[in-house]
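Report on the following structure.
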Number of protein chains: 2
Amino acid sequence: MAYKTEHITQQLRAAREAQKMSQRELSARSGLTQSHISQIERGTMEPGLGSLVDAARALDLEVILAPKKLMPAIRNILDSTSVSTDVLTSDQRKLVGRLDRWFAQHRGAFASASEADTFKDSLALLRHLPLPAEEMDTFKEATARLDRWQDDPPSRQELSRIAHAVRQIRNAAVHRDRDAVVPRSAYALDEEDDNA
Amino acid sequence: MAYKTEHITQQLRAAREAQKMSQRELSARSGLTQSHISQIERGTMEPGLGSLVDAARALDLEVILAPKKLMPAIRNILDSTSVSTDVLTSDQRKLVGRLDRWFAQHRGAFASASEADTFKDSLALLRHLPLPAEEMDTFKEATARLDRWQDDPPSRQELSRIAHAVRQIRNAAVHRDRDAVVPRSAYALDEEDDNA
DNA sequence: CATAATGATACGGTTTTATATATCAACATT
DNA sequence: AATGTTGATATATAAAACCGTATCATTATG
(Lines give C-alpha, C1' and ligand atoms only; values in the text may rest on other atoms or scores of the structure.)
Protein backbone atom coordinates (compact mmCIF):
# COMPACT_ATOMS: atom_id res chain seq x y z
CA MET A 1 0.00 0.00 0.00
CA ALA A 2 2.24 2.72 1.25
CA TYR A 3 5.12 1.34 -0.70
CA LYS A 4 6.01 4.64 -2.30
CA THR A 5 6.30 6.51 0.95
CA GLU A 6 7.66 3.71 3.06
CA HIS A 7 11.21 5.03 3.22
CA ILE A 8 10.05 8.43 4.36
CA THR A 9 7.83 7.27 7.17
CA GLN A 10 10.49 4.79 8.14
CA GLN A 11 12.94 7.63 8.35
CA LEU A 12 10.53 9.48 10.57
CA ARG A 13 10.43 6.64 13.02
CA ALA A 14 14.18 6.25 12.92
CA ALA A 15 14.65 9.92 13.71
CA ARG A 16 12.22 9.79 16.59
CA GLU A 17 13.86 6.75 18.10
CA ALA A 18 17.30 8.21 17.60
CA GLN A 19 16.21 11.11 19.75
CA LYS A 20 14.73 8.78 22.35
CA MET A 21 11.43 10.50 21.93
CA SER A 22 8.22 8.67 22.64
CA GLN A 23 5.28 8.74 20.28
CA ARG A 24 3.33 10.61 22.93
CA GLU A 25 5.96 13.26 23.25
CA LEU A 26 6.17 13.65 19.50
CA SER A 27 2.42 13.89 19.59
CA ALA A 28 2.64 16.80 22.01
CA ARG A 29 5.29 18.55 19.96
CA SER A 30 3.73 18.04 16.57
CA GLY A 31 0.07 18.31 17.36
CA LEU A 32 -0.68 14.94 15.86
CA THR A 33 -2.30 12.16 17.81
CA GLN A 34 -0.25 9.33 19.24
CA SER A 35 -2.49 6.87 17.50
CA HIS A 36 -2.01 8.79 14.31
CA ILE A 37 1.74 8.68 14.64
CA SER A 38 1.70 5.00 15.36
CA GLN A 39 -0.29 4.28 12.25
CA ILE A 40 1.95 6.43 10.11
CA GLU A 41 5.08 4.75 11.37
CA ARG A 42 3.60 1.33 10.89
CA GLY A 43 2.49 2.14 7.39
CA THR A 44 -1.13 1.56 8.30
CA MET A 45 -1.97 4.94 6.89
CA GLU A 46 -0.28 7.41 4.66
CA PRO A 47 0.09 10.88 6.17
CA GLY A 48 -0.96 14.04 4.45
CA LEU A 49 1.80 16.42 3.52
CA GLY A 50 0.79 18.70 6.36
CA SER A 51 1.08 15.97 8.95
CA LEU A 52 4.43 14.92 7.60
CA VAL A 53 5.78 18.43 7.82
CA ASP A 54 4.48 18.83 11.35
CA ALA A 55 6.05 15.61 12.51
CA ALA A 56 9.28 16.34 10.71
CA ARG A 57 9.62 19.81 12.19
CA ALA A 58 9.09 18.40 15.65
CA LEU A 59 12.05 16.15 14.95
CA ASP A 60 14.27 18.88 13.57
CA LEU A 61 13.83 17.61 10.05
CA GLU A 62 12.92 19.38 6.85
CA VAL A 63 10.83 18.03 4.00
CA ILE A 64 12.48 19.00 0.75
CA LEU A 65 12.36 18.23 -2.93
CA ALA A 66 15.64 17.39 -4.58
CA PRO A 67 16.47 16.64 -8.22
CA LYS A 68 17.25 12.98 -8.66
CA LYS A 69 20.56 13.70 -10.29
CA LEU A 70 21.75 15.50 -7.18
CA MET A 71 20.79 12.72 -4.83
CA PRO A 72 24.23 11.11 -4.67
CA ALA A 73 25.79 14.35 -3.56
CA ILE A 74 23.04 14.97 -1.05
CA ARG A 75 23.17 11.45 0.28
CA ASN A 76 26.83 11.99 0.77
CA ILE A 77 26.16 14.86 3.11
CA LEU A 78 23.26 13.11 4.75
CA ASP A 79 25.04 10.04 6.00
CA SER A 80 28.62 11.16 6.18
CA THR A 81 28.03 13.83 8.74
CA SER A 82 27.59 12.42 12.21
CA VAL A 83 24.34 13.50 13.69
CA SER A 84 25.17 14.40 17.25
CA THR A 85 27.28 17.31 18.25
CA ASP A 86 29.58 15.19 20.38
CA VAL A 87 30.55 17.63 23.08
CA LEU A 88 31.87 15.03 25.45
CA THR A 89 34.75 15.49 27.77
CA SER A 90 37.79 13.53 26.77
CA ASP A 91 37.42 11.74 30.08
CA GLN A 92 34.01 10.47 29.16
CA ARG A 93 35.07 9.57 25.67
CA LYS A 94 38.01 7.57 26.93
CA LEU A 95 36.02 5.78 29.58
CA VAL A 96 33.25 4.81 27.20
CA GLY A 97 35.78 3.67 24.66
CA ARG A 98 37.51 1.50 27.20
CA LEU A 99 34.25 -0.04 28.35
CA ASP A 100 33.33 -0.56 24.76
CA ARG A 101 36.45 -2.55 24.06
CA TRP A 102 35.99 -4.45 27.27
CA PHE A 103 32.47 -5.34 26.28
CA ALA A 104 33.51 -6.53 22.85
CA GLN A 105 35.54 -9.27 24.49
CA HIS A 106 33.49 -10.13 27.55
CA ARG A 107 29.86 -9.86 26.68
CA GLY A 108 29.59 -13.52 27.53
CA ALA A 109 30.32 -12.71 31.15
CA PHE A 110 26.86 -11.28 31.69
CA ALA A 111 24.08 -13.24 33.31
CA SER A 112 21.84 -13.05 30.25
CA ALA A 113 22.00 -11.85 26.67
CA SER A 114 19.39 -9.20 27.30
CA GLU A 115 21.44 -7.83 30.16
CA ALA A 116 24.43 -7.61 27.88
CA ASP A 117 22.34 -5.84 25.26
CA THR A 118 21.11 -3.39 27.85
CA PHE A 119 24.66 -2.65 28.81
CA LYS A 120 25.69 -2.15 25.22
CA ASP A 121 22.75 0.15 24.62
CA SER A 122 23.67 2.20 27.66
CA LEU A 123 27.19 2.53 26.39
CA ALA A 124 26.01 3.55 22.94
CA LEU A 125 24.06 6.39 24.47
CA LEU A 126 26.73 7.52 26.85
CA ARG A 127 29.00 7.79 23.88
CA HIS A 128 26.89 10.69 22.68
CA LEU A 129 25.23 12.13 25.76
CA PRO A 130 27.46 14.44 27.73
CA LEU A 131 27.56 13.72 31.44
CA PRO A 132 28.00 16.37 34.12
CA ALA A 133 31.21 16.08 36.09
CA GLU A 134 29.62 14.67 39.21
CA GLU A 135 27.82 11.98 37.28
CA MET A 136 31.03 11.15 35.51
CA ASP A 137 32.47 10.26 38.88
CA THR A 138 29.56 7.95 39.58
CA PHE A 139 30.07 6.42 36.19
CA LYS A 140 33.76 5.90 36.76
CA GLU A 141 33.11 4.49 40.18
CA ALA A 142 30.46 2.09 38.98
CA THR A 143 32.70 0.62 36.34
CA ALA A 144 35.96 0.73 38.28
CA ARG A 145 35.53 -2.89 39.15
CA LEU A 146 35.98 -3.85 35.52
CA ASP A 147 39.51 -2.54 35.56
CA ARG A 148 40.48 -5.54 37.62
CA TRP A 149 38.63 -8.15 35.63
CA GLN A 150 41.95 -9.59 34.51
CA ASP A 151 43.36 -10.90 37.74
CA ASP A 152 40.04 -10.99 39.56
CA PRO A 153 37.07 -11.72 37.23
CA PRO A 154 33.84 -10.26 38.58
CA SER A 155 30.93 -12.56 39.33
CA ARG A 156 27.71 -12.37 37.33
CA GLN A 157 26.03 -10.74 40.28
CA GLU A 158 28.67 -8.07 40.38
CA LEU A 159 28.22 -7.55 36.68
CA SER A 160 24.46 -7.24 37.09
CA ARG A 161 24.97 -4.60 39.71
CA ILE A 162 27.35 -2.68 37.49
CA ALA A 163 25.11 -2.94 34.44
CA HIS A 164 22.17 -1.71 36.46
CA ALA A 165 24.14 1.22 37.78
CA VAL A 166 25.26 2.19 34.30
CA ARG A 167 21.69 1.90 33.14
CA GLN A 168 20.57 4.31 35.81
CA ILE A 169 23.18 6.81 34.82
CA ARG A 170 22.09 6.51 31.26
CA ASN A 171 18.47 7.06 32.21
CA ALA A 172 19.28 10.12 34.22
CA ALA A 173 21.33 11.50 31.36
CA VAL A 174 18.61 10.89 28.84
CA HIS A 175 15.93 12.55 30.87
CA ARG A 176 17.98 15.56 31.76
CA ASP A 177 19.15 15.84 28.21
CA ARG A 178 15.80 16.52 26.67
CA ASP A 179 15.34 19.81 28.46
CA ALA A 180 18.90 20.82 29.02
CA VAL A 181 21.08 19.80 26.12
CA VAL A 182 18.52 19.88 23.34
CA PRO A 183 16.38 22.78 24.40
CA ARG A 184 16.09 24.62 21.13
CA SER A 185 15.52 21.55 19.07
CA ALA A 186 12.05 21.53 17.70
CA TYR A 187 9.74 24.36 18.40
CA ALA A 188 8.44 27.03 16.12
CA LEU A 189 9.91 29.52 18.56
CA ASP A 190 13.20 29.81 16.77
CA GLU A 191 12.10 30.62 13.29
CA GLU A 192 15.18 32.68 12.80
CA ASP A 193 18.00 30.64 11.46
CA ASP A 194 21.20 32.01 10.17
CA ASN A 195 20.91 33.56 6.80
CA ALA A 196 22.08 31.80 3.70
CA MET B 1 -4.46 27.42 4.60
CA ALA B 2 -1.55 25.45 3.38
CA TYR B 3 1.00 27.83 4.72
CA LYS B 4 3.29 25.14 6.03
CA THR B 5 3.53 23.32 2.75
CA GLU B 6 3.38 26.29 0.47
CA HIS B 7 7.05 26.27 -0.45
CA ILE B 8 6.93 22.63 -1.41
CA THR B 9 3.93 22.84 -3.69
CA GLN B 10 5.33 26.02 -5.11
CA GLN B 11 8.51 24.19 -5.90
CA LEU B 12 6.47 21.55 -7.63
CA ARG B 13 4.94 24.08 -9.95
CA ALA B 14 8.28 25.70 -10.59
CA ALA B 15 9.79 22.38 -11.56
CA ARG B 16 6.93 21.56 -13.89
CA GLU B 17 7.11 24.91 -15.61
CA ALA B 18 10.87 24.70 -15.85
CA GLN B 19 10.42 21.50 -17.81
CA LYS B 20 7.78 23.08 -20.00
CA MET B 21 5.38 20.40 -18.95
CA SER B 22 1.66 20.99 -18.96
CA GLN B 23 -0.55 20.04 -16.06
CA ARG B 24 -2.22 17.52 -18.30
CA GLU B 25 1.02 15.88 -19.21
CA LEU B 26 2.09 15.77 -15.61
CA SER B 27 -1.28 14.27 -14.93
CA ALA B 28 -0.58 11.49 -17.41
CA ARG B 29 2.86 10.85 -16.02
CA SER B 30 1.94 10.94 -12.36
CA GLY B 31 -1.49 9.40 -12.41
CA LEU B 32 -3.02 12.39 -10.68
CA THR B 33 -5.84 14.37 -12.19
CA GLN B 34 -5.22 17.64 -13.94
CA SER B 35 -7.77 19.31 -11.73
CA HIS B 36 -6.05 17.81 -8.74
CA ILE B 37 -2.69 19.17 -9.83
CA SER B 38 -4.14 22.58 -10.43
CA GLN B 39 -5.57 22.74 -6.95
CA ILE B 40 -2.36 21.56 -5.37
CA GLU B 41 -0.31 24.14 -7.21
CA ARG B 42 -2.73 26.88 -6.35
CA GLY B 43 -2.77 25.89 -2.70
CA THR B 44 -6.48 25.17 -2.83
CA MET B 45 -5.81 21.78 -1.34
CA GLU B 46 -2.98 20.09 0.42
CA PRO B 47 -1.77 16.91 -1.23
CA GLY B 48 -1.29 13.66 0.56
CA LEU B 49 2.23 12.38 0.82
CA GLY B 50 1.48 9.78 -1.82
CA SER B 51 0.30 12.34 -4.31
CA LEU B 52 3.31 14.50 -3.66
CA VAL B 53 5.69 11.63 -4.24
CA ASP B 54 3.92 10.70 -7.46
CA ALA B 55 4.06 14.20 -8.81
CA ALA B 56 7.65 14.66 -7.72
CA ARG B 57 8.80 11.45 -9.35
CA ALA B 58 7.14 12.47 -12.58
CA LEU B 59 9.28 15.59 -12.43
CA ASP B 60 12.49 13.78 -11.60
CA LEU B 61 12.39 14.98 -8.04
CA GLU B 62 12.77 13.13 -4.78
CA VAL B 63 10.98 13.82 -1.54
CA ILE B 64 13.47 13.56 1.29
CA LEU B 65 13.85 14.37 4.95
CA ALA B 66 16.92 16.29 5.94
CA PRO B 67 18.16 17.39 9.36
CA LYS B 68 17.77 21.12 9.76
CA LYS B 69 21.38 21.59 10.67
CA LEU B 70 22.45 20.13 7.35
CA MET B 71 20.20 22.37 5.32
CA PRO B 72 22.85 25.00 4.53
CA ALA B 73 25.11 22.37 3.05
CA ILE B 74 22.26 20.82 1.09
CA ARG B 75 20.98 24.15 -0.10
CA ASN B 76 24.47 24.78 -1.32
CA ILE B 77 24.30 21.74 -3.55
CA LEU B 78 20.74 22.47 -4.56
CA ASP B 79 21.28 25.90 -6.01
CA SER B 80 24.94 25.84 -6.87
CA THR B 81 24.42 23.24 -9.53
CA SER B 82 22.73 25.25 -12.19
CA VAL B 83 20.39 24.30 -14.96
CA SER B 84 20.80 21.96 -17.85
CA THR B 85 23.97 20.64 -19.28
CA ASP B 86 23.92 22.70 -22.43
CA VAL B 87 25.24 20.26 -24.95
CA LEU B 88 24.84 22.47 -27.95
CA THR B 89 26.96 22.36 -31.03
CA SER B 90 29.17 25.36 -31.44
CA ASP B 91 27.28 26.01 -34.65
CA GLN B 92 24.02 26.33 -32.83
CA ARG B 93 25.55 28.43 -30.10
CA LYS B 94 27.03 30.83 -32.58
CA LEU B 95 23.90 31.13 -34.63
CA VAL B 96 21.72 31.80 -31.62
CA GLY B 97 24.21 34.29 -30.31
CA ARG B 98 24.24 36.16 -33.59
CA LEU B 99 20.46 36.23 -33.79
CA ASP B 100 20.41 37.38 -30.20
CA ARG B 101 22.60 40.35 -30.94
CA TRP B 102 20.63 41.09 -34.05
CA PHE B 103 17.42 41.07 -32.08
CA ALA B 104 18.81 43.39 -29.44
CA GLN B 105 19.15 46.07 -32.07
CA HIS B 106 16.22 45.42 -34.35
CA ARG B 107 13.30 44.31 -32.26
CA GLY B 108 11.49 47.35 -33.53
CA ALA B 109 11.48 45.87 -37.00
CA PHE B 110 8.79 43.37 -36.08
CA ALA B 111 5.17 43.90 -36.92
CA SER B 112 4.10 43.89 -33.29
CA ALA B 113 5.64 43.82 -29.86
CA SER B 114 4.11 40.44 -29.11
CA GLU B 115 5.67 39.00 -32.24
CA ALA B 116 9.02 40.33 -31.13
CA ASP B 117 8.49 38.75 -27.72
CA THR B 118 7.63 35.44 -29.30
CA PHE B 119 10.83 35.57 -31.29
CA LYS B 120 12.87 36.37 -28.22
CA ASP B 121 11.27 33.52 -26.34
CA SER B 122 12.08 31.12 -29.13
CA LEU B 123 15.69 32.24 -29.10
CA ALA B 124 15.92 31.87 -25.34
CA LEU B 125 14.85 28.28 -25.62
CA LEU B 126 17.03 27.43 -28.56
CA ARG B 127 19.92 28.65 -26.54
CA HIS B 128 19.52 25.62 -24.31
CA LEU B 129 17.77 23.00 -26.38
CA PRO B 130 20.08 21.03 -28.65
CA LEU B 131 18.96 20.76 -32.24
CA PRO B 132 19.66 17.79 -34.50
CA ALA B 133 21.83 18.53 -37.51
CA GLU B 134 19.02 18.51 -40.05
CA GLU B 135 16.92 20.88 -37.99
CA MET B 136 19.92 23.11 -37.58
CA ASP B 137 19.94 23.47 -41.33
CA THR B 138 16.30 24.47 -41.32
CA PHE B 139 17.09 26.93 -38.58
CA LYS B 140 20.00 28.40 -40.46
CA GLU B 141 17.99 28.57 -43.62
CA ALA B 142 15.05 30.25 -41.94
CA THR B 143 17.20 33.00 -40.52
CA ALA B 144 19.56 33.38 -43.45
CA ARG B 145 17.57 36.34 -44.66
CA LEU B 146 18.62 38.30 -41.59
CA ASP B 147 22.23 38.15 -42.66
CA ARG B 148 21.41 40.64 -45.37
CA TRP B 149 19.31 42.99 -43.26
CA GLN B 150 22.04 45.61 -43.56
CA ASP B 151 21.93 46.40 -47.26
CA ASP B 152 18.48 44.99 -47.81
CA PRO B 153 16.17 45.41 -44.77
CA PRO B 154 13.49 42.71 -44.71
CA SER B 155 9.85 43.72 -44.72
CA ARG B 156 7.60 43.11 -41.76
CA GLN B 157 5.94 40.31 -43.62
CA GLU B 158 9.25 38.65 -44.23
CA LEU B 159 10.07 39.02 -40.56
CA SER B 160 6.75 37.52 -39.57
CA ARG B 161 7.47 34.54 -41.75
CA ILE B 162 10.91 34.09 -40.22
CA ALA B 163 9.66 34.48 -36.67
CA HIS B 164 6.99 31.93 -37.32
CA ALA B 165 9.45 29.46 -38.76
CA VAL B 166 11.75 29.85 -35.80
CA ARG B 167 8.79 29.35 -33.53
CA GLN B 168 7.98 26.07 -35.20
CA ILE B 169 11.51 24.85 -34.81
CA ARG B 170 11.39 25.78 -31.19
CA ASN B 171 8.15 23.88 -30.67
CA ALA B 172 9.49 20.76 -32.29
CA ALA B 173 12.62 21.00 -30.15
CA VAL B 174 10.62 21.34 -26.96
CA HIS B 175 8.47 18.34 -27.70
CA ARG B 176 11.39 16.19 -28.71
CA ASP B 177 13.27 17.31 -25.64
CA ARG B 178 10.52 16.22 -23.30
CA ASP B 179 10.22 12.80 -24.82
CA ALA B 180 13.92 12.24 -25.18
CA VAL B 181 15.68 13.86 -22.27
CA VAL B 182 13.10 12.90 -19.69
CA PRO B 183 12.20 9.43 -20.87
CA ARG B 184 12.74 7.41 -17.75
CA SER B 185 11.47 9.97 -15.32
CA ALA B 186 8.07 8.64 -14.44
CA TYR B 187 7.00 5.09 -13.87
CA ALA B 188 3.34 5.91 -13.63
CA LEU B 189 2.91 5.38 -17.33
CA ASP B 190 4.35 1.93 -17.24
CA GLU B 191 1.89 0.84 -14.61
CA GLU B 192 -1.24 1.79 -16.42
CA ASP B 193 -1.14 1.80 -20.16
CA ASP B 194 1.94 -0.19 -20.84
CA ASN B 195 2.15 0.15 -24.53
CA ALA B 196 5.49 -0.18 -26.16
C1' DC C 1 5.76 -6.64 43.05
C1' DA C 2 3.37 -2.43 41.88
C1' DT C 3 3.36 1.24 38.96
C1' DA C 4 4.26 3.87 35.03
C1' DA C 5 5.36 4.42 30.27
C1' DT C 6 5.33 2.67 25.77
C1' DG C 7 3.49 1.27 21.18
C1' DA C 8 -0.30 -0.99 18.81
C1' DT C 9 -5.27 -1.04 17.95
C1' DA C 10 -10.21 -0.07 17.91
C1' DC C 11 -14.19 2.72 16.81
C1' DG C 12 -17.32 6.55 15.89
C1' DG C 13 -17.37 10.85 13.73
C1' DT C 14 -15.90 14.87 11.10
C1' DT C 15 -13.12 16.77 7.66
C1' DT C 16 -10.36 16.46 3.72
C1' DT C 17 -8.33 14.34 -0.13
C1' DA C 18 -8.84 12.38 -4.63
C1' DT C 19 -11.29 10.80 -8.77
C1' DA C 20 -14.04 11.30 -12.79
C1' DT C 21 -15.99 14.40 -15.71
C1' DA C 22 -17.09 18.78 -17.78
C1' DT C 23 -17.04 23.44 -18.65
C1' DC C 24 -14.82 27.83 -19.50
C1' DA C 25 -11.87 31.78 -20.92
C1' DA C 26 -7.32 32.87 -22.58
C1' DC C 27 -3.95 31.89 -25.82
C1' DA C 28 -1.27 29.26 -29.32
C1' DT C 29 -1.12 26.91 -33.37
C1' DT C 30 -2.31 25.58 -38.02
C1' DA D 1 -10.88 31.89 -38.83
C1' DA D 2 -11.05 27.35 -37.06
C1' DT D 3 -8.99 24.34 -33.92
C1' DG D 4 -6.11 22.77 -29.86
C1' DT D 5 -4.00 23.55 -25.53
C1' DT D 6 -3.67 25.50 -21.46
C1' DG D 7 -4.99 26.35 -16.49
C1' DA D 8 -8.78 27.31 -13.44
C1' DT D 9 -13.24 25.69 -11.67
C1' DA D 10 -17.57 23.07 -10.58
C1' DT D 11 -20.05 19.09 -8.97
C1' DA D 12 -20.86 14.62 -7.24
C1' DT D 13 -19.01 10.56 -5.19
C1' DA D 14 -15.79 7.38 -3.14
C1' DA D 15 -11.95 6.91 -0.20
C1' DA D 16 -8.96 8.28 3.05
C1' DA D 17 -7.06 11.17 6.66
C1' DC D 18 -7.38 12.87 11.24
C1' DC D 19 -9.10 13.46 15.86
C1' DG D 20 -10.72 11.85 20.59
C1' DT D 21 -10.70 8.65 23.37
C1' DA D 22 -9.97 4.33 25.17
C1' DT D 23 -8.07 -0.20 25.73
C1' DC D 24 -4.41 -3.61 25.92
C1' DA D 25 -0.08 -6.23 26.11
C1' DT D 26 4.90 -5.32 26.88
C1' DT D 27 8.45 -3.58 28.89
C1' DA D 28 10.88 -0.36 31.94
C1' DT D 29 11.28 1.60 36.34
C1' DG D 30 11.21 2.37 41.45
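None of these values were measured; they are calculated from a predicted model. Proteins come first, then strands; the chains are lettered A, B, ... in the order of their sequence lines, and each starts at number 1.
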Glu25(B) has an atom CD; how far is it from atom P of dT6(D), in whole Å? 8 Å
Would you call Arg57(A) and Glu62(A) a salt bridge, taking side-chain N to carboxylate O under 4.0 Å as the test? yes
Ser22(B) side-chain N/O to dT5(D) phosphate OP1/OP2 under 4.0 Å: no
Distance only, no hydrogens: is a donor on one side chain within 3.5 Å (strictly under) of an acceptor on the other, for Glu41(A) and Gln10(A)? no
So, does Ser51(B) get its side chain near the phosphate of dA18(C), meaning an N or O under 4.0 Å from OP1 or OP2? yes
Counting only side-chain heavy atoms from C-beta out, which of dG7(D), dA8(D), dG7(C) sits nearest to Ser38(B)? dA8(D)
Which listed nucleotide (dA8(C), dC18(D), dA8(D)) is nearest to the side chain of Arg42(A)? dA8(C)
Residues Lys4(B) and Asp54(A) bridged, charged N to O under 4.0 Å: yes
To the nearest Å, give me how far apart CD (Gln39(B)) and P (dT16(C)) are. 14 Å
Check the distance between dG7(C)'s C1' and Glu17(A)'s CD and give it to me in whole angstrom. 10 Å
For Glu41(B) and dT6(D), what is the distance between atoms CD and C1' respectively, to the nearest whole Å? 12 Å
Not counting sequence neighbours, which residues clear ring-ring contact (aromatic ring centres under 6.0 Å, His included) with His106(B)? List them please. Trp102(B), Trp149(B)
What's the NZ-P distance between Lys20(A) and dG7(C), to the nearest Å? 11 Å
Check every strand shown and say whether Gly31(A) touches a base, only sugar-phosphate, or nothing at a heavy-atom separation below 4.0 Å. sugar-phosphate
Once base and sugar-phosphate atoms are separated, protein heavy atoms under 4.0 Å mark nucleotides 23-30 of chain C, 5' to 3', with B, S and - as B-----SB
Leu32(A) CG to dT21(D) C1', in whole Å, measures 16 Å
Check the distance between dA16(D)'s P and Glu46(B)'s CD and give it to me in whole angstrom. 19 Å
Sorted by position of nearest nucleotide on DNA chain C, 5' first, the leading residue of Leu49(B) and His36(A) is His36(A)
Quick one: does Leu52(A)'s side chain get under 4.5 Å of Thr9(A)'s, heavy atoms only? no
Give one of base, sugar-phosphate or nothing for Ser35(A), where a contact means two heavy atoms less than 4.0 Å apart. base
I need the CD1-C1' distance between Ile37(A) and dT6(C), as an integer number of Å. 13 Å
Side-chain contact check for Met45(A): nearest option of dA17(D), dA18(C), dT17(C) is dA17(D)
What do the steps show when you test Met136(A) against Leu95(A) for side-chain contact (heavy atoms from CB on, under 4.5 Å), and what is the final call? CA-CA 9 Å; Met136(A) 259 304 287; Leu95(A) 179 53; 4.2 Å; yes
Which nucleotide in the set dT17(C), dC19(D), dA8(C) lies at the smallest distance from any side-chain heavy atom of Arg13(A)? dA8(C)
Under 3.5 Å, is there a donor-acceptor pair between the side chain of Ser30(A) and the main chain of Ala58(A)? no
